[in-house]
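For ligands, and for the atoms within them, numbers begin at 1 and follow the listed sequence.
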Amino acid sequence: MAYQNILVSTEESVAIVTLNRPDVLNALNQATMNELVDALEAFDHDETARCVILTGNERAFAAGADINEFRGATPVQMLQEPRFLQWERIRRFPKPIIAAVGGYCLGGGCELAMLCDIIIAAETARFGQPEINLGLIPGAGGTQRLPRAVGKYRAMELIVTGRQIPAQLAYEWGLVNRVVPAEVLLDEARALAREIAAKPPVAVRLAKEAILKSLDTPLDVGLDHERRLFYLLFSTEDMKEGVEAFLNKRRAEFKGR
Ligand code: CAA
């Protein structure tokens with residue numbers, strides 16, 4: 001698929017997807033979401049891609065859903081479009097995604113960042129859920145993921161006022177992993193992605209699955225699930241390699257098997 005709205009590249013075992021609609025601050029229209037899902041699913045099938053970086057440009061990670069697509073839309077159209085199916089498909093992407101966020105990260109943009117597994121923010125990043133100003137509420141997970149990330153009270157304030165917060169406050173509230181100068185944003189994301197890419201991929205994948213499970217299951221169900229995944233890893237060559245390498249005081253070579 002030739003992409004019009006995103007740029008895709010790979011650097012060794014790291015895949016980079018760049019949202020590329022600068023004229024509209026990377027507003028997420030249907031075409032962009034289709035391309036994003038297509039690119040991610042291709043990386044899922046590519047054994048050499050072990051970690052993904054999702055980024056935008058200096059001005060915006062993404063300023064939300066494309067509001068042009070809301071004009072005149074009916075509830076039935078919204079229901080029938082694959083709009084939220086795409087978000088579900090991203091949610092099920094099994095490899096780690098690092099969001100490298102600079103500039104505006106609003107509405108669906110903030111929801112997209114929260115769908116990622118790690119968020120690195122440039123000092124210039126601004127986060128918010130401004131849907132209230134359109135007579136809407138977040139529709140791609142904001143009312144669910146933001147309270148889980150920052151707590152009920154902070155999420156409530158952000159969502160019902162539509163205010164933006166700067167990167168440093170987002171960090172203090174636990175929404176982002178770290179804040180870095182804008183000029184090193186991608187380097188930081190790359191370094192982290194390479195570190196993750198060097199780990200045994202099956203274990204990384206199951207770690208992601210177990211952590212995501214912890215957010216929507218009672219503790220005992222999550223612990224059972226974790227235990228099964230832990231047992232499963234004893235069947236991998238990488239686990240045997242990791243243990244042997246440790247015991248023989250050498251560096252492990254992981255193959256993803
Ligand atoms: N959809 C469509 N176009 C958008 C857009 C969006 N979400 N955000 C920005 N743009 C466009 C602007 O219309 C403008 O286009 P023109 O040059 O043709 O006029 C261009 O991008 C640049 O934007 P501004 O001139 O507004 O730039 P600014 O620096 O003055 O303001 C901003 C930046 C505060 C982010 C402002 O653009 C803004 O408020 N954008 C809308 C943010 C928003 O409401 N997001 C939520 C969308 S709804 C949603 O996401 C639902 C969901 O949960 C899935």
Salt bridge D117-K208, side-chain N to carboxylate O under 4.0 Å
yes

Closest approach of [X] and [Y], non-hydrogen atoms and distance?
X    : Y    : answer
A122 : G102 : CB-CA, 4.0 Å
A245 : R251 : CB-C, 4.0 Å
F43  : K95  : O-NZ, 2.8 Å

With the threshold set strictly below 4.0 angstrom, can you tell me whether any protein non-hydrogen atom sits that near [atom]?
atom                    : answer
atom 13 (O) of ligand 1 : no
atom 39 (O) of ligand 1 : no
atom 19 (O) of ligand 1 : no
atom 26 (O) of ligand 1 : no
atom 29 (O) of ligand 1 : yes
atom 50 (O) of ligand 1 : yes

Going by heavy atoms in the side chains, are [X] and [Y] under 4.5 Å from each other?
X    : Y    : result
L185 : I120 : yes
N26  : N57  : yes
L54  : L112 : yes
L158 : L146 : yes

For I6, the option from T18, L19, N20 that meets side chain to side chain contact (heavy atoms under 4.5 Å, CB included)
L19

For [atom], find the nearest protein heavy atom and state the residue, atom name and distance (0.1 Å precision).
atom                    : result
atom 37 (O) of ligand 1 : L25 CD1, 3.7 Å
atom 11 (C) of ligand 1 : V24 CA, 3.8 Å
atom 31 (O) of ligand 1 : Y104 OH, 4.2 Å
atom 1 (N) of ligand 1  : I67 N, 3.0 Å
atom 54 (C) of ligand 1 : E111 OE1, 3.6 Å
atom 17 (O) of ligand 1 : D23 O, 4.3 Å
atom 2 (C) of ligand 1  : D66 OD1, 3.4 Å
atom 7 (N) of ligand 1  : A65 O, 2.9 Å

Ligand-residue contact atoms, ligand 1 with [X], heavy atoms, under 4.0 Å:
X    : result
G139 : 52 (C), 53 (O)
A27  : 1 (N), 2 (C), 6 (C)
P138 : 53 (O)

Around Q168, counting heavy atoms of other residues, nucleotides and ligands shown, do more than 12 lie under 6.0 Å from its CD?
yes

Please determine whether the number of non-hydrogen atoms from other residues, nucleotides or ligands lying under 6.0 Å from atom NZ of K240 exceeds 12.
yes

Tell me the salt bridge (Lys or Arg N to Asp or Glu O under 4.0 Å) pairs involving residues 21-48, sequence neighbours left out?
R21-D66, E41-R89

Quick one: which residue pairs count as a salt bridge (Lys or Arg N to Asp or Glu O under 4.0 Å) with a foot in residues 155-179, not counting sequence neighbours?
E157-R163

So for ligand 1, is [X] a polar contact partner (N or O within less than 3.5 Å, distance only)?
X    : result
E131 : yes
A63  : yes
F70  : no
R59  : yes

Check each heavy atom of [X] against ligand 1 and say whether those closer than 4.0 Å belong to the side chain, the backbone, both or neither.
X    : result
L106 : side chain
Q129 : neither
L134 : side chain

Describe, in one word, how the ring planes of F84 and W87 are oriented to each other, choosing from parallel (under 30°), tilted (30 to 60°) and perpendicular (over 60°).
tilted

Shortest reach to atom 43 (C) of ligand 1 by a heavy atom, considering only P130, G141, G109
P130

Quick one: do F93 and V17 end up in the same hydrophobic cluster if we chain Ile, Leu, Val, Met, Phe, Trp and Tyr together by side-chain heavy atoms under 4.5 Å apart?
yes

